[in-house]
Amino acid sequence: MSTPNLDTLSINTIRTLAMDAVQQANSGHPGTPMAMAPVAYTLWQRHLRFDPNDPIWPDRDRFVLSMGHASMLLYSMLHLTGVKAVNPKYESLGELSVQLDDIKRFRQLESRCPGHPEYRWTSGIETTTGPLGQGVATSVGMAIASKWMAAHFNRPDFPMFGFDVYALAGDGCLMEGISSEAASLAGHLQLDNLAWIYDNNRITIEGHTDLAFSDDVATRFIGYGWNVTRVGDANDLSMLDRAFATFKKTTGRPTLIIVDSHIGYGAPTKQDTHAAHGEPLGVEEIKAAKRFYGWPEEAKFLVPDGVREHFAAGIGARGSKLRAEWIARFDAYKAKYPKEADALFRMQHRQLPDGWEKAIPSFPADAKGLAGRDASAKVLNAVAQSIPWLIGGSADLAPSTKTRLTFDGAGDFEAGSYAGRNFHFGVREHAMGAILNGLSLSKIRPYGSGFLIFSDYGRAPIRLAAIMEIPVIYAFTHDSIGVGEDGPTHQPVEQLLSLRAIPGLITIRPCDANEVAEAWRLTLALRHEPVALVLTRQALPTLDRTKYGPASGLAKGAYVLADAPGSAPEVLLIATGSEVALCLTAHEMLVKEGIRSRVISMPSWELFDDQPVEYQDDVMPPTVTARVAVEQATTLGWERYVGSGGRVLGMKTFGASAPLKELQKKFGFEPERVVAAAKQQLGRG
Ligand SMILES: Cc1ncc(C[n+]2csc(CCOP(=O)(O)OP(=O)(O)O)c2C)c(N)n1
Ligand SMILES: [Mg+2]
């Protein structure tokens with residue numbers, strides 16, 4: 001091997017590790033790591049404020065690989081810079097997060113190098129990426145978090161927060177609509193701590209971007225209010241340096257660095273073609289590329305002497321010093337501002353202030369009642385005062401979803417005024433979801449709200465929150481045909497089930513104000529599960545809990561609300577949300593006729609499925625096979641609780657535009673229909 005300088009040697013190590021790993025796995029994406037290695041190298045080695053020994057140090061700069069398919073680029077960086085593994089208790093284990101063996105077992109079961117980067121599985125990965133566009137949008141949430149935490153925690157002489165966020169994006173990320181939503185908001189908010197690096201290789205899976213993409217990207221981002229700079233050659237380290245320096249100097253605007261690169265750089269026949277995107281290069285092509293790099297052709301997974309040391313002397317030494325300074329600063333901060341330091345610690349460990357739950361209100365019985373969204377507003381506004389880092393907003397629907405924090409000092413998060421707790425995401429549900437993920441990954445406790453029907457627009461990031469096991473809260477209101485006159489476009493039918501179908505996401509549809517309060521109690525105490533609260537627009541009676549089962553039963557997903565006097569039930573009426581009161585009315589009618597019905601409130605399938613079978617059998621005795629489920633949503637799925645012989649009163653079509661009363665009649669949500677179904681179940685119809 002010739003003796004190139006350590007920069008080149010390190011960059012070629014990143015490249016060849018990626019090529020070898022993809023070849024060995026016989027699957028993966030070699031071309032982009034080969035092309036972008038100098039970019040990742042320059043950023044990490046010379047600029048990123050990141051300590052490989054403590055990859056969760058709170059004020060570290062964030063690096064997001066939005067083009068998740070190029071995962072080997074990140075794994076090479078994590079390995080070569082010596083990033084340490086951290087366990088779920090936030091303790092450093094001393095061993096490498098990514099061992100060379102993991103790289104050799106790229107894309108294999110249990111390897112720390114899965115196909116796409118996975119948060120929580122591999123330390124040093126800041127967010128799960130792969131669905132294109134999610135990473136860049138999530139990075140906006142991280143940049144917002146940095147600004148909010150700076151505004152909230154920093155004190156004169158104590159800059160506790162101020163990290164920068166870098167995201168690497170491909171053509172695909174910029175084609176996806178979510179990047180437009182996110183960039184638009186980032187520009188509006190003047191997030192000058194955010195840099196996106198665009199890999200302008202003009203290649204995607206099908207071929208040249210001429211096929212489908214002719215945006216003038218620079219002009220587009222200038223239009224969003226970004227600073228745009230260009231690096232004409234991805235291999236030009238000094239130009240890259242200059243671009244990063246420009247970013248750091250820029251105020252009042254995010255920065256886009258457009259980097260012209262050659263996918264598969266150095267591969268003699270595949271460079272600049274889509275053949276370098278998503279398949280191994282092949283043995284001969286790899287040999288030729290290695291020759292081009294001045295690398296030993298036969299060597300595999302080679303990390304030449306001096307490379308690890310070089311990284312240790314660069315990013316390692318810089319990061320370690322910066323982190324040590326921060327830790328010392330934190331100790332002094334703790335002495336001077338003990339309350340803030342305690343909050344900072346708890347927030348970073350996903351804990352809550354002591355006694356936070358004392359503020360949760362309880363609601364007196366009231367036949368007229370309260371809409372789910374209004375009850376939620378009261379609970380949220382009460383608890384938010386004792387959890388300062390509980391912050392969020394809506395996709396332009398706060399007046400309807402009622403998620404605004406209205407108490408003194410809550411304020412709005414706006415450009416230049418970053419301490420506010422009310423966010424305005426604009427009409428951007430998709431970006432909102434990803435931004436919430438970015439906030440949560442930065443340990444803020446975020447919530448976002450919108451109409452349940454539009455959860456479809458933001459579904460991809462909800463799914464990612466569940467995959468990442470981060471506790472994002474969604475308050476979805478206008479939960480059914482209960483919306484009334486707005487009609488079928490605004491009346492959810494299949495959304496509830498589709499949220500229930502996401503593994504790990506807890507969906508809760510409370511039946512009255514006290515269940516709403518219990519839903520927030522349960523949700524806020526969670527540390528690793530996202531929750532979708534599904535709330536009504538219309539008023540629901542606040543149930544008399546001296547007469548019915550206590551709302552605390554919500555925590556178990558389903559509980560007995562009402563039983564017929566005397567012996568065991570003969571028919572079960574199972575309902576969620578607004579249909580619970582309907583079932584209670586039907587229950588009174590059945591009892592009058594001497595039929596022993598039981599009403600079960602079932603706000604959450606997921607929570608109930610998690611209970612021991614004894615509890616489940618207690619609530620829904622297996623011997624009672626006469627069952628009716630009532631829910632203003634698709635009937636699909638309820639058979640698992642009512643059995644194949646049970647009845648489900650739900651929606652089989654889209655809704656319609658009319659006053660709610662008429663819709664209830666048209667779609668069969670009336671007590672008489674429930675009574676009839678119950679009798680039919682008992683063979684007395
Ligand atoms: C939302 C989404 N749609 C489709 C894909 C499948 N996919 C993976 S990579 C890719 C092409 C990406 O092109 P580009 O971002 O330019 O990456 P490059 O080929 O330059 O590495 C596509 C369509 C995906 N991962 N995410
Ligand atoms: Mg591309």
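First listed ligand is number 1; within each ligand, the first listed atom is number 1.
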Task: Presence of N, O or S from Asn201 under 2.8 Å of the Mg ion (ligand 2) - done: yes
TODO: Identify which one of Val136, Thr129, Leu74, Val140 satisfies the side chain to side chain contact (heavy atoms under 4.5 Å, CB included) criterion when paired with Val64.
DONE: Thr129
Open item on the list: Tell me if the aromatic rings of Phe63 and Trp44 count as close, with their centers under 6.0 Å from one another.
Closed with: yes
TODO: Identify which one of Arg112, Arg308, Gln99 satisfies the side chain to side chain donor-acceptor pair (under 3.5 Å) criterion when paired with His79.
DONE: Arg308
Open item on the list: Rounded to the nearest 0.5 Å, what separates atom CZ in Phe476 from atom CG in Leu496?
Closed with: 11.0 Å
TODO: Would you give the angle at the Mg ion (ligand 2) between Ile203 atom O and Asp171 atom OD2, to the nearest 10°?
DONE: 100°
Task: Aromatic Phe163 / basic Arg62 pairing, under 6.0 angstrom, 45° off normal - done: yes
Task: Every residue of the protein that comes under 4.0 Å of ligand 1, judged on heavy atoms - done: Thr32, His69, Gly130, Pro131, Leu132, Gly170, Asp171, Gly172, Glu176, Asn201, Ile203, Thr204, Ile205, Ile263, His277
Open item on the list: Taking the basic N atoms (NZ, or NE/NH1/NH2) and the acidic carboxylate oxygens, is any pair closer than 4.0 Å for Lys290 and Glu297?
Closed with: no
- [ ] Give a yes-or-no answer on whether the side chains of Arg220 and Ser180 include a donor-acceptor pair shorter than 3.5 Å.
- [x] yes
